[in-house]
Amino acid sequence: MGDKNIVYEEQHIKELFEKKQEELQSKIELNNMVTIDTLHNVAGVDLAYWKNKDKEYACCCIVVYDYKTLEVIEKKSSVGEVTVPYIAGCLAFREYELFEKTAQLLENNVDLYMFDGNGYLHPRHMGLATYAGIMLGKPTIGVAKSFYKFIDFDYSNLKPEEGNYIDIVIGGEVYGRVLRTHTGVKPIFVSVGNMIDLEVATKIVMNMIGEESHIPITTRYADIMTHEVRKNRLSNEK
DNA sequence: GCGACAG
DNA sequence: ATCTTGTCGC
């Protein structure tokens, strides 16, 4: 009985997202508007979830880095109930709202946002990074830790040395690229979000890879922070 | 019809 | 994403 309701809800969300995609599709800005020489504030975004009394909550964390010095200049987080379930392809519907709420808390200007998930590498080019980039009118990059298999794509021939990459081309169009950020470590999936091109995005991502992780420090730090916020939240609310 | 499927 | 301990390896 509950299963049918879930299936029905998923179909409903997919339909709503389909409409939203049609509305936003033409607003994707593919022309590059990011100059690395003048790039200053780069933000990493991530969310963590938990449940309480059959309600689901999440905290979103944004960490702003100075691109030149790689120092953290600001951290912000917010917590809220999440009502949209996770559906592959509709991640933006689940995560955007709390992200926007958190972004409004920032006191510093952000030149570029980096998201945990895809951007243009999506069946309708509408991954979280692209969606957020359009909504905010900001440059964004999508960095996913695993491949979204909406299409078959073999990257087993990707060289093991760091810096190597393979473009993910579908029907003659480049959707994104598999990028090896650390030698011998599983690659990440970089795609354009909005107002940036893949070459510039790749450079920025590679420049923000540290020794500690194969994902950019922006995303890594935001991820660690979400876990801390959730931990405090759970121990303080009893 | 069934399985796969970013986080 | 989340549930979870130890353990193999550089």
Side-chain angles (χ1 to χ4, degrees), chain A residues 3-4 6-7 9-11 13-14 17-18 20-21 44-62 77 79-100 102 113-133 140-155 160-162 168 170 175-179 182-194 201 205 211-216 218-231 233-234:
Chain A
D3 273 7
K4 286 184 180 176
I6 291 171
V7 171
E9 190 189 359
E10 285 198 6
Q11 284 308 318
I13 290 169
K14 284 178 181 174
F17 194 59
E18 198 62 36
K20 193 67 178 178
Q21 290 176 104
V45 183
D46 197 21
L47 286 82
Y49 297 85
W50 68 90
K51 285 183 176 176
N52 191 340
K53 313 287 180 189
D54 61 67
K55 276 193 175 184
E56 187 174 30
Y57 299 88
C59 68
C60 174
C61 293
I62 302 179
S77 70
V79 171
E81 186 186 345
V82 177
T83 55
V84 182
Y86 169 70
I87 300 169
C90 306
L91 184 63
F93 258 22
R94 178 168 165 82
E95 304 204 326
Y96 179 72
E97 195 179 321
L98 194 56
F99 157 67
E100 186 186 56
T102 313
Y113 284 99
M114 291 184 46
F115 289 85
D116 201 344
N118 297 311
Y120 206 73
L121 178 53
H122 178 280
R124 297 284 301 267
H125 300 315
M126 205 54 70
L128 173 63
T130 305
Y131 185 99
T140 59
I141 297 175
V143 178
K145 298 181 292 297
S146 63
F147 184 56
Y148 177 16
K149 305 177 186 64
F150 64 91
I151 194 81
D152 282 321
F153 180 73
D154 178 37
Y155 54 90
E161 293 77 26
E162 70 176 58
I168 299 167
I170 302 169
Y175 276 53
R177 64 176 43 155
V178 203
L179 175 66
H182 277 174
T183 299
V185 176
K186 67 182 226 174
I188 59 175
F189 302 81
V190 178
S191 61
V192 145
N194 193 40
V205 167
E211 286 302 310
E212 337 76 57
S213 176
H214 70 303
I215 63 174
T218 40
T219 314
R220 182 59 188 139
Y221 195 161
D223 178 58
I224 291 171
M225 193 180 158
T226 58
H227 295 339
E228 290 173 347
V229 170
R230 178 177 58 190
K231 190 176 178 181
R233 191 81 189 186
L234 290 175

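Just so it is clear: chains get the letters A, B, ... in the order the sequence lines come, proteins before strands, and each one is counted from 1. No hydrogens, no waters, no symmetry mates; every other heavy atom, side chains included, goes into these values.
- Note on ring orientation: taking the six-membered ring where Trp is involved, the planes of Phe17(A) and Phe93(A) are perpendicular (angle over 60°, cut-offs 30° and 60°).
- Here the CD1 atom belonging to Ile168(A) is positioned 10.5 Å from the CG atom belonging to Leu179(A), to the nearest 0.5 angstrom.
- Here the straight-line distance linking atom CZ of Arg233(A) with atom CH2 of Trp50(A) works out to 6.0 Å at 0.5 Å rounding.
- Closest of all the heavy-atom pairs between Phe115(A) and Ala132(A) is CZ-CB, 3.4 Å.
- Applying the salt bridge (Lys or Arg N to Asp or Glu O under 4.0 Å) rule to Lys55(A) yields the partners Glu81(A); only residues at least two apart in sequence or on another chain are considered.
- Looking at Thr140(A) and Tyr131(A), their side chains never come closer than 4.5 Å, going by heavy atoms from C-beta outward.
- Stem analysis of DNA chain C (at least three stacked-register Watson-Crick or G-U pairs, each with both distances under 3.5 Å) gives none.
- Ring geometry, Phe99(A) versus Tyr113(A): the interplanar angle exceeds 60°, so the pair is classed perpendicular (tilted spans 30 to 60°).
- Backbone-only contact: Ala48(A) has heavy atoms under 4.0 Å from sugar-phosphate atoms and none from a base.
- Ala129(A) approaches Gly119(A) most closely through the heavy-atom pair CB-CA, 3.7 Å.
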What is the per-nucleotide protein-contact pattern of nucleotides 2-7 of chain B, from the 5' end, where B denotes a base atom under 4.0 Å from a protein heavy atom, S denotes such proximity for sugar-phosphate atoms only, and - denotes neither?
---BBB
If the sugar-phosphate is the primed atoms plus P, OP1 and OP2 and the base is the rest, what is the B/S/- string for nucleotides 5-10 of chain C, using protein heavy atoms under 4.0 Å?
------
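- For the side chain to side chain contact (heavy atoms under 4.5 Å, CB included) test, no residue two or more places apart in sequence or in another chain qualifies with Glu97(A).
- Judged by distance alone, the side chains of Glu95(A) and Tyr86(A) never bring a donor and an acceptor atom under 3.5 Å apart.
- Checked against a 6.0 Å centroid threshold, the rings of Tyr155(A) and Phe189(A) count as neighbours.
- Base-pairing analysis of DNA chain B finds no stem of at least three consecutive Watson-Crick or G-U pairs with both pairing distances under 3.5 Å.
- Minimum heavy-atom separation, Thr130(A) to His125(A): CG2-O, 3.4 Å.
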